[in-house]
Amino acid sequence: SLARRCHHHSTAMLDMPFLPFCAFLGTLGLLCVAMVGTWCQHWRGGFSLDGSSRTFNWHPVLMVTGLVVLYGAAALVYRIPNTWSGPKLPWKVLHGSLALGAFVLTVLGLAAVFRFHNSQGTPNMYSLHSWMGLATVLLFSCQWAAGFGAFLLPWAPAWLRALYKPIHVFFGSSILMLSVASCVSGINEKLFFSLKNGTMQYKLLPAEAVFANTLGLLIIIFGVLVVAALARPSWKRPDSDSPDSRQVRGALGG
């Protein structure tokens, strides 16, 4: 019908190639990492392992790099068109390895903030940011372990994989959003703690506040775009027995 053809054309016009989108997203992710590093180096005094505030500075850098950017990259592996045909195992290993790398950086980021708090006599785990962050890391660890058991170990039955797959996908997006919320609340908390003297008060919006607020907005945009890419039907890997999958294999000469 005419309405269906118009809808098809409008959808085609709105469609965007995945790889240029991915390149933009990768650039945005690298910008977030560069900005959090610049913030901690330029305004917060740099980095060390001596238990001082410079030890704390590893915390935001490692959390943004691991829990947001690297985790986002892991989530998008199966949206790459090259993964839609051929064996899935190499892509499973890549997906799991990126997520494991993100988890390692996250644990190191937690270690940095606990080391700082303990050396300064500051209580741990009293703020909403800390509760949300730890809950996110615990969910992340459960997600990785369950995914490893269901999808990488060869003796997991097919029915279990089919049952767990939508749960894994749902929690993948949920953990990313929680990661973004944790990072943004942490940036805000750090600014409130740090900018409180004279002309540097947060409410006066000094350059550091503008820079860190912008970083927070870019982290939110990154997370939203990753979730949007995960939700886009035309970028999802077709099921192996679906007509779409057979069409893809036919188009690729499979």
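All residue numbers in this chain count up from 1 along the given sequence.
Taking every heavy atom of both residues into account, L191 and A212 meet most closely at CD1-CB, 3.7 Å. Shown here for C40 and F47, the closest heavy-atom pair between the two residues is CB-CZ, 3.6 Å. For G66 against A102, the heavy-atom pair with the smallest separation is O-CB, 3.1 Å. Closest heavy-atom contact between A209 and L195: CB-CD1, 3.9 Å. Considering every non-hydrogen atom in both L176 and L67, the closest pair reads CD1-O, 4.2 Å. Considering all non-hydrogen atoms of both residues, H117 and N124 come closest at ND1-OD1, 2.9 Å.
In this structure, NE2 on H129 lies 7.5 Å from SG on C183, to the nearest 0.5 angstrom. Put simply, CG on D50 and CZ on F116 are 10.5 Å apart, with the number rounded to the nearest 0.5 Å. The structure places CD1 of I219 at 10.0 Å from CG of L31, a figure rounded to the nearest 0.5 Å. Rounding to the nearest 0.5 Å gives a distance of 4.5 Å between CD of Q143 and NE2 of H168. With values rounded to the nearest 0.5 angstrom, M132 atom CE is found 7.5 Å from L178 atom CG. How far CH2 of W58 is from CG of L49: 7.0 Å, rounded to the nearest 0.5 Å.
A continuous path of Ile, Leu, Val, Met, Phe, Trp and Tyr side chains, each step under 4.5 Å between heavy atoms, connects I80 with W235, placing both in one hydrophobic cluster. M177 and L217 are members of different hydrophobic clusters when ILVMFWY side chains are connected at heavy-atom separations under 4.5 Å. Linking ILVMFWY side-chain heavy atoms closer than 4.5 Å, directly or via other members, places L110 and Y126 in two distinct hydrophobic clusters. Connection of F193 to M63 is not established within any shared hydrophobic cluster, with ILVMFWY side chains joined at heavy-atom distances below 4.5 Å, either directly or through further cluster members. Linking Ile, Leu, Val, Met, Phe, Trp and Tyr whenever their side-chain heavy atoms come within less than 4.5 Å leaves V180 and L30 in two separate clusters.
No side-chain donor-acceptor contact under 3.5 Å links W144 to the backbone of A99. Judged purely by atom type and a 3.5 angstrom limit, R79 uses its side chain to pair as donor or acceptor with the backbone of L230. H59 places no side-chain N or O within 3.5 Å of a backbone atom of V113 that could act as its donor or acceptor partner. Counting only distance, with no hydrogens or angles, the side chain of N57 and the backbone of G46 share a donor-acceptor pair below 3.5 Å. E189 places no side-chain N or O within donor-acceptor distance of the main-chain N or O of L128, the cut-off being under 3.5 Å.
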Apply side-chain contact (heavy atoms from CB on, under 4.5 Å) to the pair K165 and F170, showing each step before the final yes or no. CA-CA 9 Å; K165 182 181 175 182; F170 170 77; over 6 Å; no
Could you walk me through whether K190 and I187 pass the side-chain contact (heavy atoms from CB on, under 4.5 Å) test, one step at a time? CA-CA 5 Å; K190 183 63 176 175; I187 290 169; 5.9 Å; no
Residue pair V184, I220: steps toward the side-chain contact (heavy atoms from CB on, under 4.5 Å) verdict: CA-CA 8 Å; V184 170; I220 291 171; 3.7 Å; yes
Evaluation steps, side-chain contact (heavy atoms from CB on, under 4.5 Å), between F140 and Y71: CA-CA 10 Å; F140 186 3; Y71 185 85; 3.4 Å; yes
Chi angles and distances behind the ring-ring contact (aromatic ring centres under 6.0 Å, His included) call for H95, Y78: CA-CA 8 Å; H95 174 73; Y78 290 117; 5.2 Å; yes
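Within the 4.5 Å cutoff, the side chain of I221 has heavy atoms near those of the L28 side chain. In this structure the side chain of L218 never reaches within 4.5 angstrom of the side chain of F222, judged on heavy atoms.
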Exercise answer: donor-acceptor pairs, residues 145-160 side-chain atoms, under 3.5 Å, sequence neighbours excluded:
none

Using atom types as modelled, flag every donor-acceptor pair under 3.5 Å from a side chain in residues 200-207 to any protein atom, sequence neighbours excluded.
unit_1	atom_1	unit_2	atom_2	d
Q201	NE2	G198	O	3.2
Y202	OH	N188	ND2	3.0
Y202	OH	N213	OD1	2.9

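In this structure, a donor-acceptor pair under 3.5 Å is present between the side chains of S130 and S127.
Every pair passing side-chain hydrogen bond (donor to acceptor under 3.5 Å, both in side chains) that includes a residue from residues 27-39 is listed here, sequence neighbours excluded: W39-E208.
Residue F24 places its CZ atom among 12 or fewer non-hydrogen atoms of other residues, nucleotides or ligands, all under 6.0 Å distant.
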